[in-house]
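Just below is one structure, and these are the notes that go with it.
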Amino acid sequence: MPELPEVEVVRAGLAPAISGATISGVNVLDERALTRHAGSGSDFERAITQRRVSAAVRRGKFLWFPLETVPHMPEEAIIGHLGMSGQILLRASGSSRERHERVRLDLEHPEHGELAMIFCDQRTFGSLAVDALVPTPDSAAGGYGWSAASIPRQVLHIARDPLDPAFSELHFRDSLSRKRSAIKRVLLDQSVVSGIGNIYADESLWAAAIHPEQPAATLSERAVSMLLVEVRAVLEKALAEGGTSFDAQYVNVNGQAGYFAHSLNVYGRTGEPCGRCSTPIVRVSFTNRSSHYCPKCQQDPSSRRPHTQSP
DNA sequence: GGAATAACCTGGATGC
DNA sequence: TGCATCCAGGTTATTC
């Protein structure tokens, strides 16, 4: 599932190919891929055709592609979220239709020539949209890959991610101190810290030896610092390995899978021995999804014994 | 206002 | 073999 490392791999792959390119054609094959867009498919096509893309930017799991300013028009960007199964592929112009292809942008790049940027999405949780750019509240760069202090309106509520130079540990610690919810739930709250999904939340909590159900506000200052160190380490390692691919649901812009699935310590390893103490990893239900943790290394502070599920 | 939950969605895996 | 059901999970609207 695309979390920060997977989205960053996509952004880094797109940036050189689309920065400076002009959108020569747009084909919306499925309007469900535009659920974030305020208008229709034809409106989306009209809004971006013949516009020039200036960069590929990311904050957390959101991507956006700022469009060069047109006189008398507000600053805008194409925003994209991969959801559960979204992919953005780069293909040769005129290439055959991809499986689950939803939107195709034809690009003309001054150096790379004609290209197709294709948004594919099996489960249609991802989407594209055109959105206005607004100033960032902290006047720092809006996201990774761009120096401008602006951000799409729809991304305004998304917190900075732990790899962002403008990420504030103080603000993060303060946010946690006011949350009674389980720490895992808070890590998944993109308005507190962005870029972390179910896989990297489990991995980071295991690395920091924190139980996923521990209330965030009960974590000591030292524990929060330790958690942040481990979150960054997990994200950076995953990024270096090209992200986590379990199946064809996550690939880079060339359609290639990442290798971090081989480095996972708890996620998807139910019943396997913990890498630290050899206790079998358990899986518990967690708000319509799963949590994986070591019951010995990650002690439950409230002594509540959640119901475990068999592998 | 904070916290918890349901709904959205498709295809692979599993059970019968 | 074929059909039905379960499961995966990011975001957001709704409910408590």
Side-chain angles (χ1 to χ4, degrees), chain A residues 1-8 10 29-38 58-64 79-88 98-103 119-129 131 152-159 161 174-205 212-218 235 238 243-251 257 260-261 264 266-270 283-292 302 304 306-311:
Chain A
M1 310 304 160
E3 302 181 31
L4 185 154
E6 292 78 30
V7 179
E8 176 54 25
V10 171
L29 299 161
D30 189 338
E31 293 207 9
R32 289 178 301 173
L34 300 178
T35 51
R36 293 177 185 277
H37 185 66
R58 179 193 56 76
R59 177 184 286 203
K61 304 171 195 172
F62 275 88
L63 288 167
W64 67 91
I79 63 170
H81 195 289
L82 301 179
M84 296 282 300
S85 53
Q87 302 171 352
I88 299 179
E98 298 288 331
R99 198 175 185 205
H100 308 304
E101 181 172 331
R102 310 293 182 191
V103 179
F119 180 72
C120 303
D121 193 6
Q122 179 200 95
R123 299 180 198 170
T124 67
F125 279 15
S127 66
L128 301 177
D131 197 16
R153 195 182 299 278
Q154 291 187 41
V155 189
L156 203 52
H157 68 291
I158 300 297
D161 63 64
D174 182 58
S175 296
L176 262 57
S177 71
R178 288 181 281 108
K179 295 284 186 182
R180 287 173 294 164
S181 300
I183 181 60
K184 178 165 175 183
R185 184 185 293 275
V186 177
L187 286 180
L188 296 178
D189 184 342
Q190 304 298 299
S191 67
V192 174
V193 56
S194 68
I196 304 170
N198 205 40
I199 297 172
Y200 298 121
D202 280 359
E203 292 298 312
S204 302
L205 289 168
E213 289 291 329
Q214 180 166 354
T218 67
L235 294 177
T244 303
S245 300
F246 293 115
D247 49 30
Q249 292 313 313
Y250 162 67
V251 291
F260 192 69
L264 296 174
V266 283
Y267 186 87
R269 301 208 176 278
T270 312
R283 170 178 170 267
V284 297
S285 294
F286 170 79
T287 62
N288 290 339
R289 56 201 71 186
S290 304
S291 277
H292 305 78
S302 55
R304 279 182 285 122
H307 172 66
T308 57
Q309 298 175 351
S310 50

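All chains are named by letter (A, B, ...) in the order of the sequence lines, taking the proteins before the strands, and each is independently numbered beginning at 1.
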Exercise for the section: Output the distance between atom CD (A/Gln214) and atom OG (A/Ser181), rounded to the nearest 0.5 Å. Expected result: 13.0 Å
Fill in the blank from the handout: side chain to side chain donor-acceptor pair (under 3.5 Å) with A/Asp202: of A/Arg283, A/Arg269, A/His292, only one passes, and it is A/His292
Fill in the blank from the handout: Rounded to 10°, the angle between the first-five-pair and last-five-pair axes of the helix from B/dG2-C/dC16 to B/dC16-C/dG2 is 50°
Problem - Under-4.0 Å side-chain N/O to phosphate OP1/OP2 contact, A/Ser85 with B/dG11 - result: no
Exercise for the section: May I ask you to verify if any side-chain N or O of A/Lys61 is less than 4.0 angstrom from the OP1 or OP2 atom of C/dT11? Expected result: yes
Exercise for the section: Send over the distance from A/Leu176 CG to B/dA3 P, rounded to a whole Å. Expected result: 11 Å
Fill in the blank from the handout: Winner on side-chain proximity to A/Arg185, out of B/dT5, C/dA8, B/dC9, is B/dT5
Practice task
Would you indicate which nucleotide in B/dG11, C/dT11, B/dA4 comes nearest to any side-chain atom of A/His81?
Solution key: C/dT11
Handout entry: Closest-nucleotide ordering on DNA chain B, the 5'-leading residue of A/Arg289 and A/Ala182
Key = A/Ala182
Completion exercise
Of the listed B/dG11, B/dC9, C/dT11, the closest approach to the A/Arg32 side chain comes from B/dC9
Practice task
Report yes or no: does A/Arg102 contribute a side-chain atom to a donor-acceptor pair with the main-chain N or O of A/Cys120 at less than 3.5 Å?
Solution key: no
Handout entry: Within residues 188-198 of chain A, residues whose heavy atoms come under 4.0 Å of DNA chain B
Key = none
Practice task
Examine B/dT10: is either OP1 or OP2 under 4.0 Å from a nitrogen or oxygen in the side chain of A/Arg102? Give yes or no.
Solution key: no
Problem - Nearest-nucleotide 5' precedence on DNA chain C, A/Gln154 against A/His292 - result: A/His292
Exercise for the section: Would you check if A/Phe125 stacks with the base of B/dC8, given a 5.5 Å centroid limit and a 30° plane limit, both strict? Expected result: yes
Exercise for the section: To the nearest Å, give me how far apart CD (A/Glu3) and C1' (C/dA8) are. Expected result: 13 Å
Exercise for the section: Figure out the CZ/P separation between A/Arg59 and C/dT11, and round it to whole Å. Expected result: 14 Å
Practice task
To the nearest 0.5 Å, tell me how far A/Thr218 OG1 sits from A/Ile183 CD1.
Solution key: 8.5 Å
Problem - Gap between atoms NZ and P, on A/Lys184 and C/dG10 respectively (whole Å) - result: 9 Å
Practice task
Decide yes or no, distance alone: a donor-acceptor N/O pair under 3.5 angstrom between the base of C/dA8 and the side-chain of A/Arg123.
Solution key: yes
Practice task
Grab the two heavy atoms, one from A/Gly195 and one from A/Gln190, that are nearest each other, plus how far apart they are.
Solution key: N-OE1, 2.8 Å
Problem - Value in whole Å for how far the P atom of C/dG10 lies from CD of A/Gln122 - result: 15 Å
Exercise for the section: Dump the intermediate steps for side-chain hydrogen bond (donor to acceptor under 3.5 Å, both in side chains) on A/Lys61 and A/Ser194, then the final yes or no. Expected result: CA-CA 7 Å; A/Lys61 304 171 195 172; A/Ser194 68; over 6 Å; no
Exercise for the section: Kindly compute the distance separating CD (A/Glu203) from CD1 (A/Ile196), expressed to the nearest 0.5 Å. Expected result: 12.5 Å
Exercise for the section: With rounding to the nearest 0.5 Å, note down the distance linking CD in A/Gln154 to CG in A/Asp131. Expected result: 4.5 Å
Practice task
Quickly work out the A/Ile158 CD1 to C/dT11 C1' distance and round it to whole Å.
Solution key: 8 Å
Handout entry: Shortest side-chain distance from A/Arg36, nucleotide among C/dT11, C/dA8, B/dA4
Key = C/dT11
Exercise for the section: Whole angstrom is fine here: how far is it from CG in A/Leu82 over to C1' in B/dC8? Expected result: 17 Å
Exercise for the section: Select base, sugar-phosphate, or nothing to describe what A/Arg180 touches, counting heavy atoms under 4.0 Å on all strands. Expected result: sugar-phosphate
Handout entry: From C/dT11, B/dC9, B/dG11, nucleotide with atom closest to A/His100 side chain
Key = B/dG11
Problem - Salt bridge flag under 4.0 Å for residues A/Asp174 and A/Arg178 - result: yes
Problem - Pair A/Arg36-A/Ser127, side-chain hydrogen bond (donor to acceptor under 3.5 Å, both in side chains): steps then yes or no - result: CA-CA 6 Å; A/Arg36 293 177 185 277; A/Ser127 66; 3.2 Å; yes
Practice task
Rounded off to whole Å, could you give me the NE2-to-P distance for the A/His157 and C/dA13 pair?
Solution key: 9 Å
Problem - Phosphate OP1/OP2 of B/dA4 contacted by A/Ser181 side-chain N/O (<4.0 Å) - result: yes
Problem - Distance in Å, A/Glu6 CD paired with A/Leu4 CG, rounded so as to fall on 0.5 Å steps - result: 8.5 Å
